[in-house]
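Okay, here's the structure, questions in a sec.
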Amino acid sequence: MADEKLTPRSENYSDWYNQVILRADMADYSPVRGCMVIKPYGWTLWENIQHELDRRFKATGHVNAAFPMLIPKSFFEKEKDHVEGFAPELAVVTIGGGQELEEPLVIRPTSETIIGYMFSKWIKSYRDLPLLINQWANVVRWEMRTRLFLRTLEFYWQEGHTAHSSEAEAKEETLRILDLYADFAINEAAVPVIKGIKSESEKFAGAMETYSIEAMMGDTKALQAGTSHHLGQNFAKAFDIKYLDNNNELQYCWTTSWGVSTRFIGAIVMTHGDDNGLMLPPRIAPYQVVIVPIYKNDEERSRVMETVQNVTRQLEAFRVKVDDRTELTPGFKYHEWELRGVPLRLEIGPKDVEKNSVMAARRDMPGKAGKTILSQENLGPQVGALLDTIQAAMLKRATEFRDANIHWANNYDELKQIVENGWAEAWWCGSRECEAKIKEETKATTRCIPLNQENSEHGKCIYCGNDAQQKIYFSKAY
RNA sequence: CGGGGUGUAGCGCAGUUGGUAGCGCACCGCGUUUGGGACGCGGGGGUCCGCGGUUCGAGUCCGCGCACCCCGACCA
């Protein structure tokens, strides 16, 4: 933490992003290009994300399992689109124990293939369905250009894989998970997201349909924060996942897969961070409260620390950090914990010991505006209420920012203007050509076709002017 | 894979016409400090990215590598 000032977001968003992550001590670069070390502070945030997602998966009937990281290379050749999509970014093991392998092993970029193979062994009857499995795992994709959390060669995620007896049920599952992701993003991470379906060219390699939640970052670029795929029978046919229905007839299953990765941490950083650093939503922040004791001498110190102990005992229900480092001044600690995004800071000094008070400072309201004096009595409920307020305020601010930066495009010129600094919503005819042209000419890609559209409406495609039955978002994206 | 940039202490950097490496922060010790980024004194720490060349002598000049970062094309 050598430098005092962070690069302001307006000056260089990318520098700001990297500095925040490194200085908040969430992650570090590793000796391998494109790989990162997730440090305890970043990993704790991930654990909190995991916890919130995992309990939602369990509540909807899913169970966790673990599949191998090494997958026979031939598996990737069984589904045509899947090979094409992933071939360029596979890492392959060719030597094991000093010997050339008979068949190279791919380090999983995602596990549809091996899980499909296993499902075909496990599923015999309609009574085995639905099969609802999730795994928490790391995967490797050999990316050209990498960025901390957003795109690294190796990343951590969860991948859910399910098999169903009917198309309708598989689709229902796909959408159930999409809702689950949106609920998590909005209510735990305070990241407002838009649910939608991806265009043909943006969908997952091997999927029939890909749904996503899309979030707007602080520079107005879009980030796909979670995806849910309706795989149809593509993988069932490739891996022979079949069951006997109640008429004793063999049927192919319908499968789904869905994932949220450590990329979501990048989404949190860029949704909430400001020029003072990170700002973490209370519900998943590693520390919800940091206590900074203030004193001038040993005598004051012992009195203050006694109060700190008493306060800490009252806050057992929260994740609390007492910053009792003696070599640093309170002012330094304020800046450091603001940089690290702790939602609420409690300052306790001699005056508070006297007056039976504590000074509370909100991370989401910098300076004096965010400071209030609390009584030491009944502190737990007061802190709980403040954290709820902060959580709600963060969601509100992020939602307002997003909404203020989405504009309807009446014509192509408007679209070009809008995507320079925001998202454009527009009619789209659905053709790959229009999409490709727009991308080429504006660098904006289609994000998703939002789900909440009136079926009866239609208009003219923003690019070619032909009849269009759907609205879609265009923006630059991570 | 194209374009740009950078490799010198943990981090950020300086290093002149080539002469045997320094500054700030961080770190360690002692003391004074502590309600919005404290200060003094003392101290430890170097494969100058690597290899080769020129030279009496290379952090510095030349050549070849390598790595990383940033910007594009591709992607969770």
Measure the CD1-CD distance between A:Ile197 and A:Glu202 for me, rounded to the nearest 0.5 Å.
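Going from the CD1 atom of A:Ile197 to the CD atom of A:Glu202 covers 12.5 Å.
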Honestly, is A:Arg345 close enough over A:Tyr334, meaning NZ or CZ under 6.0 Å from the six-membered ring centre and within 45° of the axis?
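Here A:Arg345 passes the 6.0 Å and 45° test against A:Tyr334.
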Categorize A:Gly349 for me: base, sugar-phosphate, or nothing, with a 4.0 angstrom heavy-atom threshold over every strand shown.
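Base contact.
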Using whole Å, what does the distance between atom C1' of nucleotide B:A76 and atom CZ of A:Arg147 come to?
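Value for this atom pair: 15 Å.
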So, under a plain 3.5 Å distance rule, would you say the side chain of A:Lys296 forms a donor-acceptor pair with the base of B:G35?
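Flag unset: no donor-acceptor pair detected.
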What integer distance in Å separates A:Glu336:CD from B:A26:P?
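Spelled out: CD on A:Glu336 to P on B:A26 is 12 Å.
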Describe the nucleic acid contact of A:Leu328 in one word from base, sugar-phosphate, nothing, applying a heavy-atom distance below 4.0 Å.
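Result for A:Leu328 = base.
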If you look at every strand shown and take non-hydrogen atoms under 4.0 Å, does A:Phe155 touch a base, only sugar-phosphate, or nothing?
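Contact class for A:Phe155: base.
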Touch check for A:Pro88, heavy atoms < 4.0 angstrom, all strands: base, sugar-phosphate only, or nothing?
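Here A:Pro88 touches no strand at all.
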Expressed as a whole number of angstroms, how long is the span from A:Asp25:CG to B:C11:C1'?
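Checked: the CG to C1' distance equals 13 Å.
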Rounded to the nearest 0.5 Å, what separation is found between the CG atom of A:Leu395 and the CD1 atom of A:Ile390?
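Output value for this atom pair is 14.0 Å.
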Could you tell me whether the side-chain ring of A:Phe332 sits stacked on the base of B:G36, using a centroid cut-off under 5.5 Å and a plane angle under 30°?
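Whether judged by distance or by angle, A:Phe332 falls short somewhere, so it does not stack on the base of B:G36.
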Answer yes or no: is there an ion pair linking A:Arg303 with A:Glu306, defined by an N-O contact shorter than 4.0 Å?
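The answer is no: the pair does not qualify as a salt bridge.
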At under 4.0 Å between heavy atoms, what does A:Lys198 touch on the DNA or RNA strands: base, sugar-phosphate, or nothing?
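Touches nothing.
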Considering only the P atoms, how many Å lie between B:C64 and B:C11, rounded to the nearest integer?
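It works out to 29 Å between them.
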Look at all strands and tell whether A:Ser228 reaches a base, only sugar-phosphate, or nothing, counting heavy atoms closer than 4.0 Å.
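Counting heavy atoms under 4.0 Å across all strands, no contact is made by A:Ser228.
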What's A:Arg345 touching, base or sugar-phosphate or nothing? Going by heavy atoms closer than 4.0 Å.
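It contacts base atoms.
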Examine B:A73: is either OP1 or OP2 under 4.0 Å from a nitrogen or oxygen in the side chain of A:Lys443? Give yes or no.
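For B:A73, OP1/OP2 do have a side-chain N/O of A:Lys443 under 4.0 Å.
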Determine the contact category for A:Asn12: base if any of its heavy atoms lies under 4.0 Å from a base atom, sugar-phosphate if only primed atoms, P, OP1 or OP2 are that close, otherwise nothing.
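Contact class for A:Asn12: none.
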Give a yes or no answer on whether the side chain of A:Lys333 reaches the backbone of A:Arg325 with a donor-acceptor pair at less than 3.5 Å.
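Answer holds: yes.
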C1' spacing across the pair B:U55 / B:C70, given as an integer number of angstrom
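Result for the C1' pair: 37 Å, nearest Å.
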So A:Glu347, base contact, sugar-phosphate only, or nothing? Heavy-atom distance under 4.0 Å.
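Answer is base: heavy atoms of A:Glu347 come under 4.0 Å of a base.
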Length of the CG-C1' vector between A:Leu150 and B:C74, whole Å
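Answer to the nearest Å: 15 Å.
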Of A:Pro293 and A:Tyr478, whose nearest nucleotide on RNA chain B comes first from the 5' end?
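The residue whose closest nucleotide sits nearer the 5' end is A:Pro293.
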Answer yes or no: does a side-chain N or O of A:Thr329 lie under 4.0 Å from OP1 or OP2 of B:U34?
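No, outside the criterion.
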Would you tell me if any nitrogen or oxygen in the side chain of A:Ser14 comes within less than 4.0 Å of OP1 or OP2 on B:C71?
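Checking A:Ser14 against B:C71: at least one side-chain N or O falls below 4.0 Å of OP1 or OP2.
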Base, sugar-phosphate, or nothing for A:Glu214, non-hydrogen atoms under 4.0 angstrom?
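No contact at all - A:Glu214 keeps every heavy atom at 4.0 Å or more from the nucleic acid.
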